[in-house]
Amino acid sequence: MSKKVKWGLLACAAFLLLIVGLGLANQLQSDRTSHVILTQRRPLILIPGSDSSPHDFDNLVKQLNAQSQHPVVRLTITADHTIRFSETRTKDSPLNETIVVIHYENSTDTNATMVDQTQGLATAMTDLKKRLKMRDANALGYSNGGLILSRYLAGMTTSQPVTVKNVMLVGTPFLGTSTKHPDRELFNPLLAKKAQFKSLHAVVNVAGDTGHGNDDVVPVSSVAAGKQLFMNQADRYTQMTVNQAGITHAKLIQERYVARLVRQNLLNQ
């Protein structure tokens with residue numbers, strides 16, 4: 001084989017390797033923009049609604065673990081704001097891959113309870129910062145948990161020990177559960193402090209609709225009121241509705257579509 005032929009073959013091989021390398025780079029960029037999870041950047045904190053149990057997020061965590069196994073930390077906030085802590089994570093597991101599940105021992109459905117739970121959340125955040133050296137996170141608030149999270153983000157606590165970057169709110173009744181008699185007791189103070197939400201990168205606000213304008217408990221209009229708080233404040237605000245005849249408020253957090261939104265908007269952001 002002549003030297004010219006050898007050099008020609010080597011040049012062709014180098015050219016093919018370059019093309020393959022460029023193709024892989026483009027695919028990697030495509031994966032990023034299409035929200036394929038390459039690495040989780042921050043821990044994810046899950047905040048429940050009223051009348052909750054320690055297992056409200058079990059199905060969601062199971063769905064998230066189906067693609068990639070996550071260490072799980074569970075915090076119970078007692079009535080006097082004492083923190084009970086447990087974890088299923090190894091000492092060296094990355095903190096940014098952790099899912100934190102919050103549970104309130106007292107989760108009765110009253111505005112006064114939610115005000116108290118807001119301070120309880122700040123206490124839990126302080127515990128996470130001291131115990132795990134957590135500095136920032138993404139967070140999901142389900143039902144009244146979205147109101148509690150919003151109050152924390154608005155600075156309605158004595159401290160904000162953990163910075164929250166990206167937020168998802170699922171079935172959050174910003175104006176209560178009655179379209180005829182909206183409850184603005186917790187909403188108006190949030191509206192007055194909406195400038196505090198400028199520190200957020202993205203907010204995704206999800207409602208459920210059976211076809212009758214509600215998820216059988218929370219009106220879509222009550223969820224949509226979140227637009228007045230976050231739009232033009234956070235860098236990005238997105239409002240979505242799960243339209244399904246058989247949807248219920250309790251099942252909304254268990255929907256596969258919601259788990260997919262969590263992967264796209266919280267796990268890899």
Side-chain angles (χ1 to χ4, degrees), residues 32-33 35 39-49 95-96 98-100 102 111 114-129 133-176 182-207 218 220-241 258 261-269:
R32 286 195 179 101
T33 57
H35 299 293
T39 180
Q40 185 174 333
R41 298 180 185 179
R42 299 181 186 90
L44 171 60
I45 301 173
L46 305 177
I47 302 154
L95 176 62
N96 60 300
T98 302
I99 295 176
V100 179
I102 301 288
N111 288 348
M114 283 184 273
V115 170
D116 181 70
Q117 287 171 333
T118 304
Q119 188 56 49
L121 178 60
T123 302
M125 294 291 199
T126 299
D127 188 82
L128 289 170
K129 185 174 183 178
K133 311 302 180 187
M134 187 181 295
R135 297 183 182 278
D136 63 359
N138 296 332
L140 178 149
Y142 165 56
S143 191
N144 282 338
L147 278 165
I148 296 164
L149 174 58
S150 298
R151 288 176 54 80
Y152 174 83
L153 298 171
M156 295 180 179
T157 58
T158 54
S159 64
Q160 287 178 293
V162 175
T163 301
V164 176
K165 295 292 187 180
N166 298 282
V167 170
M168 183 177 293
L169 306 164
V170 181
T172 298
F174 287 105
L175 296 178
D183 182 354
R184 304 184 67 92
E185 182 180 352
L186 299 182
F187 182 76
N188 286 346
L190 288 172
L191 197 60
K193 289 181 170 288
K194 67 179 182 179
Q196 296 291 324
F197 303 134
K198 289 184 181 296
S199 62
L200 296 173
H201 173 245
V203 176
V204 178
N205 191 17
V206 182
V218 179
V220 173
S221 59
S222 182
V223 175
K227 177 180 179 179
Q228 299 176 49
L229 302 176
F230 301 105
M231 192 170 183
N232 299 323
Q233 303 300 323
D235 290 343
R236 176 166 58 89
Y237 174 79
T238 306
Q239 191 167 296
M240 299 181 177
T241 303
V258 171
L261 289 176
V262 172
R263 290 192 191 98
Q264 293 173 349
N265 295 282
L266 297 181
L267 291 189
N268 63 331
Q269 293 294 324

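No experiment lies behind these values; they were computed from the predicted model shown. These numbers come from the heavy atoms of this one structure, side chains and all, not from hydrogens, waters or symmetry mates.
- The distance from the CE atom of Met168 to the CG atom of Leu261 is 5.0 Å, given to the nearest 0.5 Å.
- To the nearest 0.5 Å, the span separating CG on Asn265 from CG on Leu140 amounts to 10.5 Å.
- The closest side-chain heavy-atom distance from Val204 to Gln264 is not below 4.5 Å.
- Contact annotation: the side chain of Phe174 approaches that of Leu229 to within less than 4.5 Å [non-hydrogen atoms, C-beta and beyond].
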Solution key, residues 116-123 side-chain donor-acceptor pairs under 3.5 Å, sequence neighbours excluded:
residue	atom	partner	partner atom	Å
Asp116	OD1	His81	NE2	3.3
Asp116	OD2	His81	NE2	3.2
Gln117	NE2	Asn106	O	2.8
Thr118	OG1	Met114	O	2.8
Thr118	OG1	Arg151	NE	2.9
Gln119	OE1	Thr158	N	3.2
Gln119	NE2	Thr158	OG1	3.1
Thr123	OG1	Gln119	O	3.1

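- The shortest distance between side-chain heavy atoms of Val223 and Val220 does not fall below 4.5 Å.
- Looking only at distances, a side-chain donor or acceptor of Tyr237 sits under 3.5 Å from a matching main-chain atom of Lys227.
- Nearest heavy-atom pair, Pro161 versus Lys129, reported as atom, atom and distance to 0.1 Å: O-CD, 3.3 Å.
- Interatomic distance, CG of Asn96 versus CG of Leu267, reported as 10.5 Å (0.5 Å rounding).
- Summarising the geometry, atom CG belonging to Leu153 is positioned 7.0 Å from atom CD belonging to Gln160; distances are rounded to the nearest 0.5 Å.
- Legend: residues meeting salt bridge (charged side-chain N to carboxylate O under 4.0 Å, His left out) with Arg42, ordered by chain and number and at least two apart, are Asp136.
- For the salt bridge (charged side-chain N to carboxylate O under 4.0 Å, His left out) test, residues two or more places apart in sequence or in another chain that qualify with Asp127 are Arg131.
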I would like to know whether Asn205 and Phe230 meet side-chain contact (heavy atoms from CB on, under 4.5 Å); could you show each step before the answer? CA-CA 9 Å; Asn205 191 17; Phe230 301 105; 5.9 Å; no

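- The side-chain heavy atoms of Arg135 and Leu95, taken from C-beta on, include no pair separated by under 4.5 Å.
- Proximity of Val164 to Ile45: side-chain heavy atoms (C-beta onward) are nowhere separated by under 4.5 Å.
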Would you check, one step at a time, whether the test side-chain contact (heavy atoms from CB on, under 4.5 Å) holds for Thr157 with Met125? CA-CA 11 Å; Thr157 58; Met125 294 291 199; over 6 Å; no

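- No side-chain heavy atom of Ile47 sits under 4.5 Å from any side-chain heavy atom of Tyr152.
- In terms of modelled atom types and a separation under 3.5 Å, the side chain of Asn138 and the main chain of Asn166 share a donor-acceptor contact.
- A search for side-chain contact (heavy atoms from CB on, under 4.5 Å) contacts involving Ser222 returns Pro173, Leu175, Val218, Pro219, not counting sequence neighbours.
- Smallest separation of non-hydrogen atoms from Ala139 and Leu266: O-CD1, 3.9 Å.
- A donor-acceptor contact shorter than 3.5 Å links the side chain of Thr172 to the backbone of Ser143.
- Shown here are the salt bridge (charged side-chain N to carboxylate O under 4.0 Å, His left out) partners of Asp183, two or more places apart in sequence or in another chain: there are none.
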Show which side-chain atoms of residues 186-197 pair as donor or acceptor with protein atoms under 3.5 Å away, not counting sequence neighbours.
residue	atom	partner	partner atom	Å
Asn188	OD1	Arg184	NE	3.0
Asn188	OD1	Arg184	NH2	3.2

